[in-house]
*Asks:* 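Mind looking over this structure? Questions follow.
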Amino acid sequence: MAVANHEIIGNARTQAVPRTAFGMAALLLVLLCLGCQQHLPRTEAHSAKTREIKVANAAELLKAIGPDRTILLAPGTYDLTATVDKQARSPYIGWKQGHPQDPHRTMVIKDVRNLSLVGDKELRPVILVKSAGIEVLGLSNVSSVHLTDLRICHDPRIGNCSSAVLYIENSRDVRLSNTALYGCGSIGIQAKDVDGIHISDSIIDDCPDQAVTLKNCTNVRFVSSTITRCGNFGVLRLHDCGEVLFENCRIASSHCTYSGLTYAIFHVSGSSVTFRGGAITQNVAGKMANDEASLKLHDVDVSNNQLHGSLSK
C-alpha cells in the first residue's frame with residue numbers, strides 16, 4: 001500500500017493535470033484520499049503486554065487490580081474485610097452494600113478486561129471475608145477475568161452466612177480453574193447478565209441455599225468439577241440461561257429439603273441442562289428436575305439418590 005501511495009503522489013506531481021472537468025475531479029479525489037490517509041488513526045492489533053505482578057497480602061492485591069495483567073498471589077490468607085473497611089480508592093474497585101444490618105461492603109472488581117488472579121497450585125491462597133452479610137468477591141462489567149488455583153470463602157468461624165461467595169454481573173468470559181468456593185452460608189456463585197462462564201477442575205462446597213444461581217446467563221459450562229453439600233432450596237437454579245453444559249462433573253451429598261419442604265436438584269426456567277459423564281449421587285431431593293424435559297443425561301452415574309417424587313415449590 002505504501003508503494004501505491006508513493007506512485008500516486010509521484011503521478012500527481014509530475015504528470016500534467018488534464019484541463020477537463022473529469023481531470024480536475026480526479027485530481028481532487030486523489031488529494032482528498034491522501035489527506036484522509038494522513039489523518040486516519042493507524043489500526044493495529046492489541047499490543048498491550050500482560051504485566052505480571054506478585055502480591056503477598058490483601059492491600060497489595062487491591063492495589064494491583066487493573067486491566068491487562070496477571071496477579072500472582074503468594075500462599076497465605078488474603079483477608080479482604082479490613083481492606084474493605086478502609087474502602088481503598090481505585091477506578092477498578094467498587095463497593096456493594098450487603099445485608100442491611102452488616103456494616104461491611106463487598107469489594108467489587110469492575111471495568112477491567114484481561115485480568116488473571118493466579119495462586120499456587122499446591123498451596124492455594126485463601127481469599128476470605130470475616131463478615132456473614134457480604135459476598136466474598138464481586139465482578140461487575142468485566143471481560144476475560146480468570147481465577148486460578150485459589151480458595152475463596154467466608155471465614156468458617158463466623159458460622160452461617162447470608163450472602164454468596166462469588167457475585168458476577170454484566171460481564172463476559174469469566175473462568176474459574178482449580179478453585180474452591182466454600183460457602184458456609186447461602187450461594188456459591190450468583191450471576192446475572194453474563195455471557196461466558198466456564199468452571200473447570202473446581203469445587204463448590206457447603207453452600208446451603210444453592211450452589212449456583214444464574215439469571216440471563218449464556219455459554220455456561222462446567223467441566224470436571226464437583227458440587228457437594230449444597231442446595232437446601234435446590235442445587236442449581238437457572239433462569240433464562242439457554243443450554244448449560246456439565247461434562248464429567250459430580251453432584252453429591254446435597255439435601256434439597258428445608259423445614260419439611262422438598263425441592264429439585266435442578267430448578268430450571270427458560271433453560272436446559274445437558275449433563276455428560278460424571279455422577280449425580282447420594283442426594284436427597286423432591287425430584288431430579290422441576291421440569292424433567294429440560295434435563296438431558298448422557299452416560300451419567302445416577303445412583304443412591306433419595307427422590308421423594310414431589311416438589312413443594
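All values below were derived from every heavy atom in this structure, side-chain atoms included, with hydrogens, water molecules and symmetry-related copies excluded.
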*Asks:* Taking side-chain contact (heavy atoms from CB on, under 4.5 Å) as the criterion, tell me which of V300, I227, T281 meets it with R250.
*Replies:*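 Exactly one pass, corresponding to T281.
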*Asks:* Is there a donor-acceptor contact under 3.5 Å from the side chain of K110 to the main chain of P91?
*Replies:* yes
*Asks:* Mind checking what makes side chain to side chain donor-acceptor pair (under 3.5 Å) contact with N141, not counting sequence neighbours?
*Replies:*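 For N141 the side chain to side chain donor-acceptor pair (under 3.5 Å) partners, ignoring immediate neighbours, are D111.
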*Asks:* Fit a plane to each ring of F246 and F266, take the angle between them on a 0 to 90° scale, and name the class: parallel (under 30°), tilted (30 to 60°) or perpendicular (over 60°).
*Replies:*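 The arrangement is perpendicular - the two ring planes meet at more than 60°.
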*Asks:* Can you see which heavy atom on S271 is nearest to which on H239, and at what distance?
*Replies:*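 Closest approach of S271 to H239, heavy atoms only: OG-C, 3.7 Å.
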*Asks:* Looking only at atom types and distance, does a side-chain atom of N305 sit under 3.5 Å from a main-chain N or O of I280, one as donor and one as acceptor?
*Replies:* yes
*Asks:* Under a 4.5 Å side-chain heavy-atom rule over Ile, Leu, Val, Met, Phe, Trp and Tyr, are L147 and L72 clustered together?
*Replies:* no
*Asks:* Holding to side chain to side chain donor-acceptor pair (under 3.5 Å), I want the full list of residues that pass it with S144, two or more places apart in sequence or in another chain.
*Replies:*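 Counting only residues at least two positions away or on another chain, S144 forms a side chain to side chain donor-acceptor pair (under 3.5 Å) with D173.
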*Asks:* Taking the ring centre of each residue, are Y258 and Y263 less than 6.0 Å apart?
*Replies:*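 Ring centroids of Y258 and Y263 are no less than 6.0 Å from each other.
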*Asks:* Shared ILVMFWY cluster between L139 and I71, side chains joined below 4.5 angstrom?
*Replies:*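 Yes, it is one cluster - the side chains of L139 and I71 are joined through contacts under 4.5 Å.
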*Asks:* Within this structure, what is the SG-CD distance for the pair C217 and E169, rounded to the nearest 0.5 Å?
*Replies:* 11.0 Å
*Asks:* Using a 3.5 Å distance criterion without hydrogens, assess whether the side chain of S303 forms a donor-acceptor pair with backbone atoms of D301.
*Replies:*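 No, S303 side chain to D301 backbone: no donor-acceptor pair under 3.5 Å.
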*Asks:* If two hydrophobic side chains count as joined below 4.5 Å and joins carry through other members, does V235 share a cluster with L245?
*Replies:*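 In one cluster: no.
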*Asks:* Do L150 and V112 share a hydrophobic cluster, counting only Ile, Leu, Val, Met, Phe, Trp and Tyr and linking them when any side-chain heavy atoms are less than 4.5 Å apart?
*Replies:* yes
*Asks:* In this structure, which one of I127, V136, L128 forms a side-chain contact (heavy atoms from CB on, under 4.5 Å) with C153?
*Replies:* L128
*Asks:* Return the minimal non-hydrogen interatomic distance between I93 and M107, and the atom names on each side.
*Replies:* CG2-CG, 3.7 Å
*Asks:* To the nearest 0.5 Å, tell me how far Q210 CD sits from H267 NE2.
*Replies:* 9.5 Å
*Asks:* Would you mind telling me which of D68, T70, N114 makes a side-chain hydrogen bond (donor to acceptor under 3.5 Å, both in side chains) with T50?
*Replies:* N114
*Asks:* Is D205 paired with R229 through a side-chain N to carboxylate O contact shorter than 4.0 Å?
*Replies:*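 Result for this pair is yes, salt bridge flagged.
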*Asks:* Please say yes or no: joined through hydrophobic side-chain contacts below 4.5 Å, possibly via intermediate residues, are I53 and V145 part of one cluster?
*Replies:* yes
*Asks:* For R69, is there an ion pair with E52 - N to carboxylate O distance below 4.0 angstrom?
*Replies:*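 R69 and E52: not salt-bridged.
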*Asks:* Applying side chain to side chain donor-acceptor pair (under 3.5 Å), name anything that partners N304, two or more places apart in sequence or on another chain.
*Replies:*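 N304 satisfies side chain to side chain donor-acceptor pair (under 3.5 Å) with no other residue.
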